[in-house]
Structures are given as structure tokens and as C-alpha cells.
Enquirer: 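My structure is below; once you've seen it, I'll send some questions.
What's counted below: heavy atoms across the whole structure, side chains too, no hydrogens, waters or symmetry copies. Naming convention: chains lettered A, B, ... in sequence-line order (proteins, then strands); numbering from 1 in each chain. Fair warning: this is a prediction, and the values are worked out from it, not measured in the lab.
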Amino acid sequence: MVNPRLRGTAAIVGVGHGGIGAAPGRTAFDIVGDATHAALADCGLKLSDIDGVFAATMVNSMPAVNVVEYLGLRPRVTEGTNTGGSSFLAHLQWAALALDAGLCEVALITYGSNQKTGAGKFVSTSEIVPFEAPYKPRYPVSAYALAAARHMHEFGTTREHLAEVAVAARTWANLNPEACARGPLSIGDVLASRMVSDPLTVRDCCLVTDGAGAVIMTRADRARDFPKPPAYLLGVAAENWHRWVSSMPDLTTTAASRSGPRAMAMAGVGHADLDLVMLYDAFTITPIMFLEDLGFCPKGEGGRFVADGRLRHGGGFALNTNGGGLSCVHPGMYGLFLLIEAVRQLRGECGARQLDRPKLALCHGNGGHWSSQVTAILGTGETL
Amino acid sequence: MEIRVTAAGPGTERLWRDALGEGRLTLPFCEACGRAHFFPRVLCPHCGANAIVLRPASGRGTVHSTTTVRRRAEEGGDYNVALIDFAEGPRMMARVDGVAPAAVAIGMAVEAAIVTEDEAPLVVFRPVAEGA
């Protein structure tokens with residue numbers, strides 16, 4: 001079912017980063033504070049204007065409640081749904097609903113993790129999985145490796161196709177001064193790097209970094225009053241079919257095949273209308289499957305779709321222009337950074353990697369082990 | 001022998017583990033729709049009925065996907081993690097033993113064995129011998 005009622009009713013008016021890459025000596029909440037401060041400065045609002053808080057983390061049982069305390073807020077809406085890396089795109093939906101219903105006036109969506117400098121390695125609050133843990137899959141990479149292996153078996157996708165996704169991400173990262181991994185990267189480099197869980201090497205895996213993000217959202221009727229052009233939420237849809245990979249209904253088709261069409265129908269846009277596509281690239285296989293599930297190419301053709309280099313800077317298909325989770329930043333859960341890059345591109349703030357006057361961006365977030373899929377469409381004022 | 005899951009007694013997971021501990025690999029079946037599922041639940045994820053019985057599993061399966069998890073030799077070396085489709089339909093995560101991790105292939109016919117690992121019974125699979 002498509003519900004167009006919320007189309008264009010809310011807009012992102014402020015965005016900010018904190019602690020991108022490494023934030024030694026700062027806690028996860030410190031860099032949430034940095035990002036929130038930056039996002040408020042970006043839109044000219046005060047901390048006390050925030051009356052809706054939407055947040056998730058990987059290490060707190062009540063993350064939104066912790067954020068409220070750290071920031072010293074007294075919000076009317078506190079929402080902490082955690083669907084993994086897709087949480088922050090789902091929060092867009094809940095924030096838009098809360099704003100539309102008058103439950104709050106200024107929504108903050110935020111996330112931060114210091115997993116690189118704070119913990120020294122990837123940490124997660126995920127529980128022991130009784131029917132998987134005895135076999136010692138390396139989470140999360142093995143869950144994605146099992147799907148990649150099946151995709152290669154069913155459709156003839158190759159390790160070179162996977163590597164192309166990492167190489168393309170690097171071409172964009174090399175134009176982004178904030179990106180954590182820059183410098184040359186070839187398909188041969190990816191293939192020759194250390195294998196982690198076949199067929200995925202360490203270069204097929206996202207970065208492990210610190211980083212925080214914050215997004216400020218208001219109703220569309222006041223969004224024009226802010227200093228920078230608003231990015232309107234035109235469509236958003238979430239789907240969730242399983243939690244762990246052994247219960248994934250089909251290893252080569254995700255719930256993005258439902259969230260994508262619903263979000264695009266709500267926005268009233270087609271594939272050819274989109275100027276920017278931001279896909280959660282936790283591993284090189286994820287954009288390949290999402291390009292298929294979201295309808296940019298037929299099922300099974302994702303590897304061949306990317307093989308001609310079209311995802312690279314200048315290749316004609318603008319994907320993950322910040323360098324993605326593979327080369328820009330990936331602090332455990334990455335979804336919020338998809339939105340921040342899309343807003344910056346729609347505003348024209350992206351310097352050397354700036355697209356030519358983009359109007360419409362699709363952001364797609366993934367959570368868990370291909371589990372929670374959320375698609376959002378953002379547009380400039382002329383797309384309303 | 002069927003093990004019936006009742007509203008008053010232990011749940012399906014506990015009953016499944018108890019049977020495994022006694023050397024019997026079972027699968028939960030729904031008496032309403034006839035379909036099997038895995039992991040074990042008290043209601044059928046296919047039709048919603050709570051008429052679940054554990055029945056002996058054939059143990060026959062096929063490798064649906066496989067990965068070699070790389071590990072340093074001094075920590076035990078590389079090992080296999082696979083998703084196995086039971087002949088009865090459901091899928092489980094498991095490991096294929098009796099063959100090098102890299103030799104485990106999608107589509108390979110396998111059969112279940114119960115081993116003891118970390119002081120608990122564990123289902124693993126082994127390639128079906130040719131001609132078996």
C-alpha cells in the first residue's frame with residue numbers, strides 16, 4: 001500500500017558531522033554532541049528548539065534516552081527504534097509522522113560511535129544467536145559472504161564485479177576531503193587483499209571508523225525560513241523479513257524489493273528521475289543486490305551492471321558520492337551518513353565531487369543481516 | 001516417534017534440543033498445514049497454527065551456500081560455515097565436515113551427523129558418499 005499523504009510534509013533543514021574517522025579521547029555521546037551542534041549551526045536553530053529526539057546506537061539499551069540526557073533536552077517525542085544501520089531512515093518516517101501530527105516541531109535524528117578509538121575493534125550489543133553461534137560465523141561479514149557466494153552461483157557474478165564496487169567508491173572518496181580511505185585502489189588490489197570470509201576480502205568490507213551524524217527536520221511549511229535550501233522527504237518505506245541470515249527467505253533478494261517501489265511510488269518518481277543514489281555499502285555485494293532489488297537492473301544482473309565502471313566518478317551513474325561505507329566512513333551503523341551526503345549534494349555543497357544541480361536523491365539503508373530495508377526519497381523545492 | 005508441543009509444557013526449542021541430546025535429529029512440523037520449519041517455534045511461521053510436532057528428520061540435505069571463514073593456523077585454521085537445505089524444506093546454518101572448507105560447494109548432497117562440541121550436541125553435515 002502506498003500512502004502519499006506524508007509526501008513533502010517534512011524537510012531536512014540542518015545536517016552535521018562529528019568525529020569522522022577518529023575521535024580519540026571523545027566518547028560516542030561527545031561526538032553526537034559535536035554533530036548536533038554542527039547541525040543546529042547549519043540551520044540556525046538553538047538546542048532548546050529540539051522537541052523530538054530520534055536515535056539509535058549499537059551499545060545502549062535506551063539510546064534515545066541517553067541522547068536526551070547528554071544534550072540536556074526535554075523533548076515531547078523520544079523515539080529509539082533500532083533496526084540496525086537502516087534505523088535513521090526509518091526515523092525519517094517516524095519524525096515526519098510526528099511532525100505532521102503536531103507531536104513535535106523540531107526533530108533531531110542522530111547517531112554516533114567511537115568504535116575505532118574507543119573500543120579498539122568492532123563492538124555490538126547483538127545477542128548470542130542460538131542456531132548460528134555454534135558454527136562461529138564471523139559477524140557480520142559471513143552473513144554477507146553467504147549471500148555473495150549464492151549470487152555468484154546463481155547469476156555468474158564474479159569477484160571482479162564485487163571489487164569494482166570498492167574501486168568505484170574509492171574514486172569518489174578521492175574527491176572528498178572528509179573520506180577516511182583515500183588513494184589509489186585497483187581491482188587487483190581488492191582481489192589480492194586478505195580474504196576474511198570467502199568470497200569477501202578485507203577490501204570488500206566497509207571501514208571501521210568513528211563518526212557521528214545529526215539531522216534536523218521540521219514541517220515543510222516552515223522549512224523555507226532556514227538559511228539553506230531544504231531537502232524535502234518525498235517518499236519513505238520500510239520492510240523487514242527476518243533477522244539472521246539463516247532465516248533470510250531468499251539469499252539473493254532482499255526486502256528492498258518492496259521498500260524501494262513503495263518509496264518511489266509515494267514520491268511519484270521513476271528511476272530516470274533520480275540524480276543521486278545512496279546505497280548502504282557495508283560490503284561490495286550490498287550495492288549490487290540493492291541495484292537489482294530497487295529496480296535499476298534486472299535480478300541477477302547487478303554484477304554485470306557495475307562492471308563497465310559506471311559507478312566510478314564520471315561513469316554516469318552517481319552512486320555513493322561521499323565514498324560510501326567502503327571508503328568514506330562507517331562507524332558501525334552508517335545509514336544516517338547516506339542522508340547527510342544526499343542533503344549536501346541537493347544543496348550543492350560537495351566541492352570537487354558535486355553533481356550538476358541534482359534534484360532527486362534515493363537513499364537506501366540496510367540493517368542487521370540484509371534484514372531491515374528502508375528506502376527514502378529526498379528532493380529539492382522544485383520537486384514538490 | 002513424534003513429540004507433541006503443548007501449551008503447558010516446554011517450548012519447541014527446548015524439546016528439539018532435548019531430542020538432539022538423546023541422539024535424535026528432528027524437525028518441527030505443523031499439523032495444520034503440513035509444512036516444516038526451522039528454527040523451532042511454538043507456532044507455525046507459514047500458517048500461524050500452534051499445532052506443532054517434532055518428527056524425525058531424514059538428515060538429508062543440500063548445501064545452499066557456503067563460506068570459508070579465514071583464521072590463523074595457530075588459532076585452528078580456516079573452517080566452513082554453510083547454509084543447508086533439509087530435504088524436508090527448512091534451512092539451517094551448519095558446517096560441512098569431512099572435506100576441506102574450500103571443497104564445500106553449493107549444491108553438494110550432504111547428510112547430518114550429531115557430534116559433541118563445547119559439551120553440547122551439535123548438528124554437522126558430511127558429504128554423501130558417491131553411490132550411497
Enquirer: Can you tell me if B:Glu75 has over 12 outside heavy atoms packed within less than 6.0 Å of its CD?
Expert: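 Counting neighbours around CD of B:Glu75, more than 12 heavy atoms of other residues, nucleotides or ligands fall under 6.0 Å, so yes.
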Enquirer: Could you tell me whether a side-chain N or O of A:Arg150 sits under 3.5 Å from a main-chain N or O of B:Ile106, the two making a donor and an acceptor?
Expert: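 It does not hold such a pair.
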Enquirer: Using a 4.5 angstrom heavy-atom cutoff, name the option from B:His37, B:Met93, B:Arg17, B:Arg71 with the most pairs to chain A.
Expert: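 If we count pairs closer than 4.5 Å to chain A, B:Met93 comes out on top.
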Enquirer: Do B:Thr67 and A:Ser197 meet the criterion of a side-chain donor-acceptor pair at a distance under 3.5 Å?
Expert: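 The criterion, which ignores hydrogens and geometry beyond distance, is satisfied for A:Ser197 and B:Thr67.
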Enquirer: If you count every heavy atom of other residues, nucleotides or ligands that lies below 6.0 Å from B:Arg35 atom CZ, does the total exceed 12?
Expert: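 Open: at most 12 neighbouring heavy atoms sit under 6.0 Å from CZ of B:Arg35.
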Enquirer: Which atom names give the shortest non-hydrogen contact between B:Leu83 and A:Val245, and what distance separates them?
Expert: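 Closest heavy-atom pair between B:Leu83 and A:Val245: CD1-O, 4.4 Å.
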Enquirer: So with a 6.0 Å cut-off around CZ of B:Arg55, is the heavy-atom count from everything else above 12?
Expert: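 Yes, enclosed.
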Enquirer: Taking the six-membered ring for Trp, are B:Phe38 and A:Phe131 parallel (under 30°), tilted (30 to 60°) or perpendicular (over 60°)?
Expert: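 Ring orientation, 0 to 90° scale: perpendicular.
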Enquirer: Quick one: what part of B:Thr68 sits under 4.5 Å from any heavy atom of chain A, side chain, backbone, both or neither?
Expert: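 Contact with chain A involves both backbone and side-chain atoms of B:Thr68.
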Enquirer: Below 4.5 Å, heavy atoms only, C-beta onward: do A:Ser142 and B:Val69 meet side chain to side chain?
Expert: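 Yes - at least one pair of side-chain heavy atoms lies under 4.5 Å apart.
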Enquirer: Is atom CZ of A:Phe155 surrounded by more than 12 heavy atoms (other residues, nucleotides or ligands) closer than 6.0 Å?
Expert: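 Atom CZ in A:Phe155 is crowded, with more than 12 foreign heavy atoms closer than 6.0 Å.
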Enquirer: Short question: side chain of A:Ser246, backbone of B:Met92 - any donor-acceptor pair under 3.5 Å?
Expert: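 It does not hold such a pair.
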Enquirer: For B:Glu117 versus A:Lys136, what's the shortest heavy-atom pair and its separation?
Expert: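 Heavy-atom minimum between the residues: OE2-NZ, 4.2 Å.
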Enquirer: Using side-chain heavy atoms (C-beta onward) and a distance below 4.5 Å, is B:Arg91 in contact with A:Leu251?
Expert: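 They are in contact (side-chain heavy atoms under 4.5 Å apart), so the answer is yes.
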Enquirer: Which one, A:Ala148, A:Pro199, A:Ala145, A:Pro130, leads in non-hydrogen pairs under 4.5 Å with chain B?
Expert: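 Ranked by heavy-atom pairs under 4.5 Å with chain B, first place is A:Pro130.
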Enquirer: Just give me the residue among B:Asn80, B:Val123, B:Asp78 that pairs up with chain A most often, heavy atom to heavy atom, under 4.5 Å.
Expert: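 Heavy-atom pairs under 4.5 Å are most numerous for B:Val123.
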Enquirer: Would you mind telling me which of A:Arg138, A:Met248, A:Arg194 has the largest number of heavy-atom pairs within less than 4.5 Å of chain B?
Expert: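 The answer is A:Arg138.
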Enquirer: Within a reach of under 6.0 Å around CZ of A:Arg182, are more than 12 heavy atoms found that belong to other residues, nucleotides or ligands?
Expert: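 Yes, enclosed.
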